[in-house]
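Keep in mind that this is a model prediction, so the values were computed, not measured.
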Amino acid sequence: MKITVIPTGTPVTHYAFSGETITAFCKGEQEDFDLSSLVASAEFQSVVVDTLDTSPSQIIREAYRDDAGELHVTLCQGAGSGHWEASDVIDSESYNPDTVYVKLNQEKAFSGTPKVFTRQGAV
Amino acid sequence: MALAHFQRTFTDAAGNIKPGLSVTVRRESDNGLAALFADAGSVTPKSNPFNTDANGYGSFYVTDGRYRIQATDIDWRDTDIFISPTFYAQLAGGPLANFTAMPQVGGDPIVESGSNADGEWTRWADGTQVVYGRVQRSIAISTSFGSFFRNASFESDTNLPLSFLVADYVLTVVRQEDSILDPEDIGVFQVFPESTGAFAFFLLSETNQMAAIRGYSFHAVGRWK
């Protein structure tokens, strides 16, 4: 599974992966989202959230399966002060919930101290 | 030395402007007549007393200090005005203006700002938060609504770049004009906060519109604390 991480305001704290099932963690709770049924021709709308207290698009923003059968997902990472941009594409096997994936654009002015949220909290 | 500036339209107690009013400016320290000037550079002296113009307007430049301003009109005779010329100079701008010394409420005016995948945001020290951004949505506008068409249900879960304290923020959403798809025929006619971090909106069109990617801009103002 290929992952792109985008910065958002109120996302889940981190993720875990098992095959094509993504487990999202938020406010002490977790929920599994099985994307294995997403076929190459399907247009992803959103996940259905039963447990977590956040909107579906703050969990999995986008998903599609390419013609080679590989799943691509866009996940979220919380970002505070600073101008933050999407990560590079990474493999789900290399995902580390303590890593800052989104990128800080240092060319634009902002106020405050740049911060991003990982499993460890604000860093 | 640059001088402080005093200016105002003189009125009586009933608010009537007083053209031709004789105004005398005295030093509070010794009640002597102050040296007035017509310019900030002390080049052109101004008479003291002086008369207000046809619109009741009076103006002078003076060295920093406290002064007593008296007018000959009966409504002003017992009214003393004490001013700190530096204070007026700050409000009027000019060479003595010191905007960095202007009062602040709760610290620096802007506490935080930034942007993410959902837009830009700024938080002020007084609790005000402003967010704005652009989204793209594929929405069919095909449900009859009187003589118009709208989307079947409101377009929900459009994320703000940052949440507000409560979902009572003021929100506007407008259609982007850079779309090539009937840019004049589709409007946003109802928007509302869906939660503290997301909003929803209805679209309206005179004609039945199939789903297609269209751009929308949003702007919201509320509180973050």
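At least one side-chain heavy atom of B:N159 sits under 4.5 Å from a side-chain heavy atom of A:S55. Annotation: side chain of B:E112 is not in contact with side chain of A:S111 (no heavy-atom distance under 4.5 Å). In this structure the side chain of A:S81 reaches within 4.5 angstrom of the side chain of B:W121, judged on heavy atoms.
If you measure heavy-atom distances from A:K103 to chain B, you find no contacts under 4.5 Å at all. Neither the backbone nor the side chain of B:E194 comes within less than 4.5 Å of any heavy atom in chain A. Heavy atoms closer than 4.5 Å to chain B are found in both the backbone and the side chain of A:S57. In this structure, the portions of A:P56 lying under 4.5 Å from any heavy atom of chain B include both its backbone and its side chain.
Closest of all the heavy-atom pairs between B:A117 and A:T8 is CB-CG2, 4.5 Å. Residues B:S163 and A:T10 approach most closely at OG-CG2, 3.0 Å, considering heavy atoms.
Few gaps surround OH on A:Y95; more than 12 heavy atoms of other groups in view lie less than 6.0 Å from it. Within a 6.0 Å radius of CG in A:D67, other residues, nucleotides and ligands contribute 12 heavy atoms or fewer. Counting heavy-atom neighbours within 6.0 Å of A:D53 CG, excluding the residue itself, gives a total of 12 or less.
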Hey, mind stepping through A:K108 and B:S115 against side-chain contact (heavy atoms from CB on, under 4.5 Å) and telling me if it holds?
CA-CA 10 Å; A:K108 297 172 65 178; B:S115 64; 4.3 Å; yes
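Between the CG atom of B:D118 and the CD atom of A:Q58 there is a distance of 6.0 Å, given to the nearest 0.5 Å.
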